[in-house]
Each structure stands twice: as structure tokens, then as C-alpha cells.
Amino acid sequence: MMYSFLKILSRIILYPINGAPTFKNKQRIPEGNYILVAPHRTWFDPLYFALAASPKEFAFMAKKELFKNPFLKFVLVHANVLSVDRENPGPSVIKEPVKILQNSNKSLIIFPSGTRHSQDLKGGATLIAKLSKKPLLPAVYQGPLTFKSLFSRKRAIINFGDPIYLDKGIKLNEEGQKAIEDQMQQAFDKLDQEIDPEFKYIDPSKK
């Protein structure tokens, strides 16, 4: 109930401010559950990804610090957000999302880079995909990067790529992990170029 309410609220806030977003290549979204992976470019891109893939419902992963505020914790918990301890990640960081993917109708949104200010890919999404036997779905967001820039009416665009299915026999050692990370990065680059061949992400915090 909370998830549906927040999705409606997101539309009510974002669409009048910035206009209706453009969602490209939704036909590439696989049936069933999957792990949507994308570069994390702004604090509100999870909202656009969830709206773009609607009516699919998602679970998310967020740093535990966001759960310190009681009100925000209530909202996050009821919006399918899982708490992640980045300093001391335990087995639940992998087990909980795998359980959701296997035992519910929810998919998962993961930003492999971990934060909005990092472009380095990490291995959590790959391990979750292997254990859950669900595909990775690459996607990218292009558009406003700050709340203020939403008012510029620069159109927000989400582009979906082809699913990445992990081979059952793949070993997630350094070599195997790098192969999947390279495949994800190549997919992100291709999706960005499909939207805008001249696109280059510039972290707004470094302007």
C-alpha cells in the first residue's frame, strides 16, 4: 500500500515540475523478476526507474544511516527499502534480496557503483543474480541531476537494455566478476549513446 502511494506521489510531484518522462525500450524488460542495475546519477533516479518499469514493484537497498530518523525509517521500510551496513556488510545483505527475488513478485533495483559519487562497479548485484537465478537488466537515466534543475524542464529519459543472463557455471572469482562488470559497463555506455551520442556524465557535486 505504501509503495503504491509513494509511486503516485512521485508522479504528482515530478511530472508537473519536469513534465512526463520518456521511457525507451520497455519491450526489453524480461518477464518475471529481475535485478535492474544502473549508474546512480541523482538521488531521485530510483523514482524514475520504478515509474519506468511500472507496474512491476521493486525492492531497494540503501545505507543504514538513512534509517536513523524514525519517520524516514517508517517510510523506507514500507517502501520495500532494505538497510545496508556498508562498513560491516553481513550475509543478510545478499540473503534478503535473494529471498525477495525468489519468493515474491518484487524485482530489485541496485546501483552497482554503490553511491552517486562513484563510477566503480561492485560485485553485490552479480552475486545476487547468480544465487537468485534472475537476470540483470541494465538501464540508464539521463536528465536533471539536482532538484533545482528539475524546474528547467529538461526531459528525464530512462533507457532499458537487453537482460544479462549469467551462465550457471560462471565462477565469481576476480576474472568472472570482471567479465560481468565489463558487460554491465558496456551496456550502460551503449544505452547512453542510444539516447545521446554526445552524452557525458558530470557529477553535480564536483561542479
Flag for Asp189-Gln193: side-chain donor and acceptor within less than 3.5 Å: no

Polar side-chain atom of Ser132 near backbone of Gln102 as donor-acceptor pair, under 3.5 Å: no

Donor-acceptor contact below 3.5 Å, side chain Lys24 vs main chain Leu191: no

Distance, nearest 0.5 Å, that separates CD1 of Ile180 from CG of Leu166: 4.5 Å

Leu108 and its side-chain contact (heavy atoms from CB on, under 4.5 Å) partner, picked from Ile100, Ile128, Leu136: Ile128

Among Lys106, Glu57, Lys56, Lys133, side-chain contact (heavy atoms from CB on, under 4.5 Å) partner for Asn33: Lys56

Worked verdict on Met61 versus Val93 for side chain to side chain contact (heavy atoms under 4.5 Å, CB included): CA-CA 9 Å; Met61 302 179 78; Val93 172; 3.9 Å; yes

Evaluation steps, side chain to side chain contact (heavy atoms under 4.5 Å, CB included), between Leu172 and Leu127: CA-CA 7 Å; Leu172 294 185; Leu127 180 56; 4.0 Å; yes

Reported CD1-to-CD distance for the pair Ile170 and Glu175, which is rounded to 0.5 angstrom: 9.5 Å

Glu31 atom CD: more than 12 heavy-atom contacts under 6.0 Å: no

Exceeds 12 heavy-atom contacts within 6.0 angstrom, atom CZ of Phe74: no

Considering all heavy atoms, the nearest Ala156-Asn18 contact: N-OD1, 3.5 Å

Heavy-atom neighbours of Lys73 NZ exceed 12 at 6.0 Å: no

Ring geometry between Phe58 and Phe60 (parallel below 30°, tilted from 30 to 60°, perpendicular above 60°): tilted

Full working for side chain to side chain contact (heavy atoms under 4.5 Å, CB included) between Asn159 and Arg28: CA-CA 10 Å; Asn159 193 15; Arg28 295 172 175 169; 4.2 Å; yes

Min side-chain heavy-atom separation Ile157-Asp196 under 4.5 Å: no

Main-chain N/O of Ile202 paired with Arg41 side-chain donor or acceptor, under 3.5 Å: no

Distance, nearest 0.5 Å, that separates CD1 of Ile13 from CD1 of Ile8: 12.0 Å

Donor-acceptor side-chain pairing of Glu181 and Thr126 below 3.5 angstrom: no

Steps toward side chain to side chain contact (heavy atoms under 4.5 Å, CB included) verdict (Leu66, Val81): CA-CA 10 Å; Leu66 294 177; Val81 181; over 6 Å; no

Reference residue Tyr141; test side-chain contact (heavy atoms from CB on, under 4.5 Å); the match among Leu47, Asp45, Asp192: Asp45

Approximate separation, where rounding is to 0.5 Å, of Ile17 CD1 and Ile12 CD1: 11.5 Å

Taking every non-hydrogen atom, the tightest pair across Pro135 and Pro163: CB-CB, 4.2 Å

Leu14 side chain reached by Leu150 side chain, heavy atoms, under 4.5 Å: yes

Greater than 12 external heavy atoms within 6.0 Å of Lys26's NZ: yes

Least distance between heavy atoms, Phe67 atom then Leu82 atom: CZ-C, 3.9 Å

Heavy-atom check, side chain of Ile158 versus side chain of Pro21, under 4.5 Å: no

Ala125 to Val37 - nearest heavy-atom pair and separation: CB-CG1, 3.9 Å

Atom pair CZ/OH of Phe160 and Tyr34 - distance to nearest 0.5 Å: 6.0 Å

CG on Asp162 to CD on Gln183, rounded to 0.5 Å: 10.0 Å

Sidechain-backbone polar pair: Tyr165 side chain, Lys168 backbone, donor-acceptor under 3.5 Å: no

Within-4.5 Å side-chain heavy-atom neighbours: Lys148 and Pro204: no

Leu36 side chain near Ile29 side chain, heavy-atom distance below 4.5 Å: no

Distance-minimising heavy-atom pair for Pro46 and Trp43: CD-O, 3.4 Å

Closest non-hydrogen atom pair, Pro30 against Leu137: CD-CD1, 3.9 Å

Whether Phe111 and Phe49 hold their rings parallel, tilted or perpendicular, with breakpoints at 30° and 60°: tilted

Side chains of Thr146 and Ser149, donor plus acceptor under 3.5 Å: yes

